[in-house]
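Note that these values count all heavy atoms, side chains included, but never hydrogens, waters or copies made by symmetry. So you know, we letter chains A, B, ... as the sequences are listed, proteins then strands, and number each from 1. Predicted, not measured: the structure shown is a model, and the values here were computed from it.
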Amino acid sequence: MNEHDRIPSDEPAGYDVARIQEKWLGVWDELKPFSSNNPNDKRPRKYVLDMFPYPSGDLHMGHAEAYALGDVIARYWRQQGFNVMHPIGWDSFGLPAENAAIKRGIDPREWTYANIDQQKTSMRRYGASFDWDRVLHTSDPEYYKWNQWLFLKMYEKGLAYRKDSWVNWDPVDQTVLANEQVLADGTSERSGAIVVKKKKTQWYFKITDYADRLLDDLNQLEGRWPSKVLAMQRNWIGRSIGADVDFVIEGREEKITVFTTRPDTLYGVTFMVVAPDSDLAAELVDDASVEVRASFQEYLERVQKSTEIERQDASRPKTGVFLGRYAVNPASGERIPIWTADYVLADYGHGAVMAVPAHDQRDLDFAIKFDLPVRVVLDTNATQTTTIPVLELDENGQAILPEDLPPLDPISTGKALIGDGRMINSGPLDGITKSNAIKKIIVQLEAAGTGRAAKTYRLRDWLISRQRYWGTPIPIIHGADGELVPVPEDQLPIVLPPTEGLDLQPKGQSPLGAAEDWVNVPDPRDGSPALRDPDTMDTFVDSSWYFLRFLNPNDDTKAFDPKEADKWAPVDQYVGGVTHAILHLLYARFITKVLFDLGYVGFTEPFSALLNQGMVLMEGSAMSKSKGNIVRLSDQLDEHGVDAIRLTMAFAGPPEDDIDWADVSPAASAKFLARAWRLSGDVTSDPDIRWRTGDVALRRQTHRFLAEGPGLVESFKFNVVVAKIMELVNATRKAIDSGPGGGDAAVREAAEVIAVALSLFAPYTAEEMWERLGRTPTVAEAGWRKPDPALLVEESVTAVFQVDGKVRDKATVSPKISGEELEKLARASVGVTRAVGDKEIANVIVRAPRIVNIATR
RNA sequence: GCCCCGGUAGCCCAAUCGGUAGAGGCAGACGACUUAAAAUCGUCCGAGUCAGGGUUCGAGUCCCUGCCGGGGCACCA
């Protein structure tokens, strides 16, 4: 009878996934190994945070991956002796709840909190090592009270303001959207509707004040955030460096300022273009002729009717109208016409551009269409240096001048000259290079007071008001005199009114405006009748600071405790999907900097390190109802067990890569776990057996694993760690069956190390192994063992002998062998001698003890 | 158009500093155990690293060009 036959797998004591899960959930509840609430805990701290979920239905495969990976990190730091805070909460305000509520005629609270309960149950079953004493829901008044507090702080600082502007309007959800919520194709990220522009007075957070810091501080995160996310954030902020240039307008007191990245081309400015939907355009046509006014009106209406998709199509022919006004080129003194065209955006720069058709493709397209002059001011064929490149000589010794230089003729080629070169037709700038011209003209403009160095950003202010019910009410009261009165802090929270009697159907106006009892309030200044602001906040406000609320989620006297923040924050390791690379992460970074400026926190970046997990796909594409390729998490858990699914997530590949569920095998994971578990039953030695007496080869492998494991986990190579555990399991199996046997001390040592390592990925199986090995109480509290340095020193290594880079022979040598000795061995080896033959040896490279490479001539 | 990431066995993926291309798994073949099957245990099978060029004693790894795939930004002056 084989050793491993002692416990047949069909007995109750066998590897019964359901029973094990049930059992250890109870033990963890009792012993609370994941608590981070002991004030006397002397261990160093780590804050490991998973992005909190939105409670739409039950957990899905994507959650399962994220929480499996986040949990590896949290459990790892506990093993390394840290007091780990690993909390979870719910991002529970938002439109899906409201839409579901409308559809079913129920309260959004009902839908939301039922889903939260379900997700919470699933998370517990999933064995995630969350600290269940730190939980929050953003839709609780106890939470959103502090959103309102934050808003008031922003308002005091002048960072929250109202503005009448063209906004993104979602015609399906009937609410405004932030720029960040409009996808590149002009549709709403939430409803998929084509976004249209509407002019509305809305609340904004002044994130543009922080644009430079948001951009520059990304450098601190280099190497600790995925480079992809850093690139996306830099792209989004989109800082442009250039100059503001003032243009005198005929018949107007004030000058018009334009922003340009190419002040060097100032002498090439032949017209000016103003955004049609800007106040400036309206003003400029105000006293123009009737015909001009009419054509402008017609054009403006046409532009306003077009969708974002149409407007962003750069290949569409240029349109525009002449405004009947002229400006003066400050450099050349030339009189230039002012046009309006929708390729100029009202809310970028100053809503007006100086057009240089020779050197800007958009301006050139426009000039060709409307027959406007084009003046080349940069010879893009001229070399940047004064030295002439080496030219070929003809038979007479004359240099052959290149004949294929492109003509400096943008009109006939239709291509703007955008390269580098030397300035021409530019008065004092003539002859110098583009970059020098930029410097020189800025100095000149500054001296003349008609321009200055300037930067501008792609980033726009954050539109935070929404015309929907299920969100945080904005704590502002509109006085009868039109004044905005902040709600006094002691009157917070402003709790959402009950939904009874309220029509939540989207109508373009906040449903809260119809809640008579709620919206009518006395003016805090004098008690006169006044109205609450009926809008609610974007839910990204909720998630912009929630990581601080976990420090003391039940404190009703403050948003968070700065002393706790000093201890725990910033978050040491943040884990979540790359879908939030711009929105959530940018907003959280912004709010953190505001809180820093207000003195509430002592750091300027909220997340010290970021891990993005990939998506879980099915047969090459994202799971979706329409594709009919959804894999249900609960089915997978029922079929294979929690541990097998978690292990599959970790083993599938690098965390940031997508996992195609069709490519991985949860059944194989389950098989492996059973195999590992079986080891624990085959260990026959006593728990206090002396390690050092065990089989040396197995011990070496075990200790090499102990030495390698931490570095692999810390660099997120979870798939490699799992592979190493598999190796160790295989070696231990072999030691039991055909080696020293189950009673050997090294076998016990290896099995225990496997249990500890496996607890990162498969906590239930690991606990069960640990217990069967006679250890108590939980493997979750067991530490990662220190490797014995003596066992890490290799006894022998394989040295490779190459001739001209090809392996010709090998030898087993001591790792301490000297270079001279190794070279001697190499030269004497049969393979090398044969390969060298009678060739002359040119060079011998020796890298003891690994390699000798002999180069021949 | 600009920017970022990737391309290694049939498939998923490993490969500290440039130093023997293979750790692990899936799939496949064979064997042991079994009346048989499942389960289990074991053995075996496999590419020269997308293509081309360069640097080097030596390149999957560094550099250049191209191809393919994924992603971000884009009428942003």
Partner of B:A51 under the Watson-Crick or G-U wobble criteria, both distances under 3.5 Å, comes out as B:U65
### Message
Between B:G19 and B:C13, how many Å separate the two P atoms, rounded to a whole number?
### Response
23 Å
Exercise for the section: Quote, to the nearest angstrom, the C1' distance that separates B:U65 from B:C76. Expected result: 32 Å
Short heteroatom pairs, N/O only, protein and nucleotides 24-31 of chain B, under 3.5 Å:
none

Tested for side chain to side chain donor-acceptor pair (under 3.5 Å) against A:Asp365, the lone hit among A:Arg362, A:Gln361, A:Lys369 is A:Gln361
To the nearest angstrom, the CD-C1' distance between A:Glu619 and B:C11 comes to 14 Å
When rounded to whole Å, the CG to P distance for the pair A:Leu218 and B:C3 reads 19 Å
To the nearest angstrom, the CD1-C1' distance between A:Ile851 and B:U16 comes to 16 Å
Residue pairs meeting ring-ring contact (aromatic ring centres under 6.0 Å, His included), one or both in residues 702-740 of chain A, sequence neighbours left out, come to A:Phe705-A:Trp784
- Base, sugar-phosphate alone, or nothing: which one does A:Pro226 contact when heavy atoms must sit under 4.0 Å apart? nothing
Task: Span that lies between the P atom of B:A14 and that of B:G7, in whole angstrom - done: 9 Å
Re B:U20: Watson-Crick or G-U wobble partner, both distances kept under 3.5 Å, found to be none
For B:A15, the nucleotide meeting Watson-Crick or G-U wobble distances (both under 3.5 Å) is none
Applying salt bridge (Lys or Arg N to Asp or Glu O under 4.0 Å) to A:Lys455 and not counting sequence neighbours gives A:Asp212
Paired to B:U35 by Watson-Crick or G-U wobble criteria (both distances under 3.5 Å) is none
Residues pairing under side chain to side chain donor-acceptor pair (under 3.5 Å) where one sits in residues 663-676 of chain A, two or more places apart or in two chains, turn out to be A:Thr648-A:Ser669, A:Arg675-A:Asn730
- For the residue pair A:Thr319 and A:Tyr299, confirm or rule out a side-chain donor-acceptor distance under 3.5 Å. yes
By side-chain hydrogen bond (donor to acceptor under 3.5 Å, both in side chains), A:Thr732 pairs with (sequence neighbours left out) none
Taken to the nearest whole Å, CD/A:Glu714 to C1'/B:U16 is 15 Å
* Asked: With rounding to whole Å, what would you report as the distance between B:G42 and B:G24 at their P atoms?
  -> 12 Å
B:C17 glycosidic conformation (syn if within 90° of 0, otherwise anti) is syn
Across every strand shown, the nucleotide meeting Watson-Crick or G-U wobble geometry with B:A59 (both distances under 3.5 Å) is none
A:Trp661 CH2 to B:C13 P, in whole Å, measures 14 Å
Q: Using the P atom as the reference point in each nucleotide, state the distance between B:A38 and B:G31 in Å, no decimals.
A: 13 Å
Residue set satisfying salt bridge (Lys or Arg N to Asp or Glu O under 4.0 Å) with A:Arg458, at least two apart, ordered chain then number -> none
Contacts of A:Trp661 meeting side-chain hydrogen bond (donor to acceptor under 3.5 Å, both in side chains) (sequence neighbours excluded), chain-then-number -> A:Gln636
* For the residue pair A:Tyr457 and A:Tyr348, is the inter-centroid distance of their aromatic rings smaller than 6.0 Å? -> no
Protein heavy-atom contacts under 4.0 Å, written 5' to 3' over nucleotides 49-65 of chain B as B (base), S (sugar-phosphate only) or - (none), form the string --------BS-------
With P as the reference atom in both, quote the distance from B:G53 to B:U61 in angstrom, rounded to an integer. 14 Å
Separation of the C1' atoms in B:G46 and B:A23, to the nearest angstrom:
16 Å
note: A:Asp737, atom CG; B:C33, atom C1'; distance rounded to Å ~ 13 Å
B:U8 -> Watson-Crick or G-U wobble partner, both distances under 3.5 Å, gives none
inquiry  = Please tell me whether A:Thr208 and A:Asp461 have a donor and an acceptor in their side chains that are separated by less than 3.5 angstrom.
reply    = yes
Across all chains, not counting sequence neighbours, the side-chain hydrogen bond (donor to acceptor under 3.5 Å, both in side chains) partners of A:Glu222 are A:Arg234
Scanning all shown strands, the Watson-Crick or wobble mate of B:G1 with both distances under 3.5 Å is B:C73
Name each donor-acceptor pair under 3.5 Å that joins a side chain in residues 610-624 of chain A to protein atoms two or more places apart or in another chain, with its distance.
residue: A:Asn612; atom: ND2; partner: A:Gly576; partner atom: O; Å: 3.0
residue: A:Gln613; atom: OE1; partner: A:Gly577; partner atom: N; Å: 3.4
residue: A:Ser624; atom: OG; partner: A:Ser626; partner atom: OG; Å: 3.2
residue: A:Ser624; atom: OG; partner: A:Lys627; partner atom: N; Å: 3.1

Point to revise | Test item: A:Phe259 and A:Val245 side chains (from C-beta on) under 4.5 Å apart, heavy atoms | key: no
A:Asp682 atom CG is separated from B:U40 atom P, nearest whole Å, by 14 Å
Whether each nucleotide of nucleotides 69-77 of chain B has a protein heavy atom under 4.0 Å at its base (B), only at its sugar-phosphate (S) or at neither (-) is summarised, 5' to 3', as --SBSSBBB
Classified by glycosidic angle (syn within 90° of 0, else anti), B:G52 comes out anti
For A:His584, the side-chain hydrogen bond (donor to acceptor under 3.5 Å, both in side chains) test, sequence neighbours excluded, returns A:Tyr574
Pairing partner of B:G42, by Watson-Crick or G-U wobble and under 3.5 Å for both distances, is B:C30
Fill in: Nearest-angstrom distance, C1' atom, B:C45 to B:G54
37 Å
Separation of B:U20 atom C1' from A:Arg850 atom CZ, nearest Å, is 10 Å
